[in-house]
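Report on one structure; see the data block that follows.
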Amino acid sequence: MTTPNCSGTGTATIDTATVHSGGRSLRINGGGNYCNHIFAASTKNVSGVSPVVYGRMWMRHTTALPTGHVAMITMSDSRDGGKDLRIGGQNGALQWNRESDDATLPEQSPSGVALSTPLPVNRWVCVRFQIDTTQQAMRTYLDDQEIAGLRVDGTPTTDVDSQWLRRSTAPRPTTFRLGWESYGSDSDTIWYDDVALGSSPIGC
């Protein structure tokens with residue numbers, strides 16, 4: 001368990017009552033207000049996964065993504081001073097966020113947000129991503145459907161990845177954390193299960 005920067009009322013526990021498969025899941029009770037951070041971190045060094053980092057996890061949460069900025073999955077980027085790549089939400093939809101310059105994917109214009117999607121509540125959903133460590137290229141999927149606004153393809157697209165591509169260096173994730181941090185008063189309860197990382201695609 002880790003509380004980057006600061007901590008509050010959030011908790012990370014192993015749950016046996018709500019699972020996707022098997023007998024256990026990770027339950028995050030995420031509190032509101034800035035600096036109420038709580039994460040469960042992998043002990044493995046993700047820098048050995050290359051050249052593309054593929055991730056897959058099943059998630060279930062209870063509260064719709066808020067208008068305010070929240071993060072649920074974070075990875076330290078060794079090519080960006082150890083600052084985090086973050087999967088979370090803003091304006092009610094899924095997004096990537098880069099800690100170092102606060103760039104978002106998609107851009108938080110009405111057109112950009114419309115190219116993302118909410119995270120469904122009260123059911124298990126499969127979230128997958130891929131991060132190329134050799135070039136600026138990323139893709140993200142929800143229940144095996146690619147989210148158009150969460151794609152980086154190297155060519156700046158207005159409302160999608162123009163802001164993201166202001167940084168030309170490809171990321172190199174070295175850590176992997178599941179949890180919750182809110183930059184406002186928003187809280188949530190999230191379960192994670194069947195989590196996997198690898199150097200080849202991982203299906204739902």
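Below, each value reflects all heavy atoms present in this structure, side chains not excepted, and no hydrogens, waters or symmetry copies.
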Are Ile73 and Tyr141 linked, directly or through intermediate hydrophobic residues, by side-chain heavy-atom contacts shorter than 4.5 Å (ILVMFWY only)?
no

Under the side chain to side chain donor-acceptor pair (under 3.5 Å) test, which residues partner Ser7, sequence neighbours left out?
none

Residues 135-175 vs disulfide bond (SG atoms under 2.5 Å apart), sequence neighbours excluded, gives none

Would you be so kind as to tabulate the donor-acceptor pairs closer than 3.5 Å made by side chains of residues 147-160, with sequence neighbours excluded?
from   : atom 1 : to     : atom 2 : distance (Å)
Asp153 : OD1    : Thr155 : N      : 3.0
Thr157 : OG1    : Thr155 : O      : 3.4
Asp159 : OD1    : Ser109 : OG     : 2.7

Could you tell me which residues satisfy side chain to side chain donor-acceptor pair (under 3.5 Å) with Ser21, sequence neighbours excluded, listed by chain and number?
Asp194

Do you know which of Val195, Ile87, Asp193 makes side-chain contact (heavy atoms from CB on, under 4.5 Å) with Met57?
Val195

May I ask whether Phe39 and Leu178 are part of the same hydrophobic cluster, defined by side-chain heavy atoms of I, L, V, M, F, W, Y residues being less than 4.5 angstrom apart, directly or through others?
no

When clusters are formed by joining ILVMFWY residues with side-chain heavy atoms under 4.5 Å apart, either directly or through shared neighbours, do Met72 and Val113 land in the same one?
no

Do Asp15 and Ser25 have side-chain N/O donor and acceptor atoms under 3.5 Å apart?
no

Excluding Trp191, membership of its hydrophobic cluster (Ile, Leu, Val, Met, Phe, Trp, Tyr; side-chain heavy atoms within less than 4.5 Å) reads Trp58, Trp124

Once disulfide bond (SG atoms under 2.5 Å apart) is applied, what residue pairs with a partner in residues 69-113 remain, sequence neighbours excluded?
none

Are more than 12 heavy atoms, taken from residues, nucleotides or ligands other than Arg79, located less than 6.0 Å from that residue's CZ atom?
yes

Judged by modelled atom types alone, do Thr104 and Trp96 share a side-chain donor-acceptor pair under 3.5 Å?
no

Selection residues 173-204 - residue pairs positive for disulfide bond (SG atoms under 2.5 Å apart), sequence neighbours left out:
Cys126-Cys204

Pairs involving residues 68-90, ordered by first then second residue, that meet ring-ring contact (aromatic ring centres under 6.0 Å, His included) (sequence neighbours left out)
His69-Tyr183

Atom pair CG (Asp80) and OG (Ser100), whose distance is rounded to the nearest 0.5 Å
3.5 Å

Excluding sequence neighbours, so at least two apart, what forms side chain to side chain donor-acceptor pair (under 3.5 Å) with Trp180?
none

Single-linkage hydrophobic cluster, 4.5 Å side-chain cutoff, Leu165 and Met138 together
yes

Enter the distance from Arg123:CZ to His20:NE2 here, rounded to the nearest 0.5 Å.
10.5 Å

Donor-acceptor pair between Ser78 and Arg172 side chains, under 3.5 angstrom
no

Is there any ring-ring contact (aromatic ring centres under 6.0 Å, His included) pair reaching into residues 159-178, and which pairs are they, with sequence neighbours excluded?
none

For Asn91, side chain to side chain donor-acceptor pair (under 3.5 Å) partners two or more places apart
Gln108

Pairs flagged by salt bridge (charged side-chain N to carboxylate O under 4.0 Å, His left out) wherever residues 44-71 is involved - sequence neighbours left out
none

Answer yes when Asp101 and Arg98 have at least one side-chain N-carboxylate O distance shorter than 4.0 Å, and no when they do not.
yes

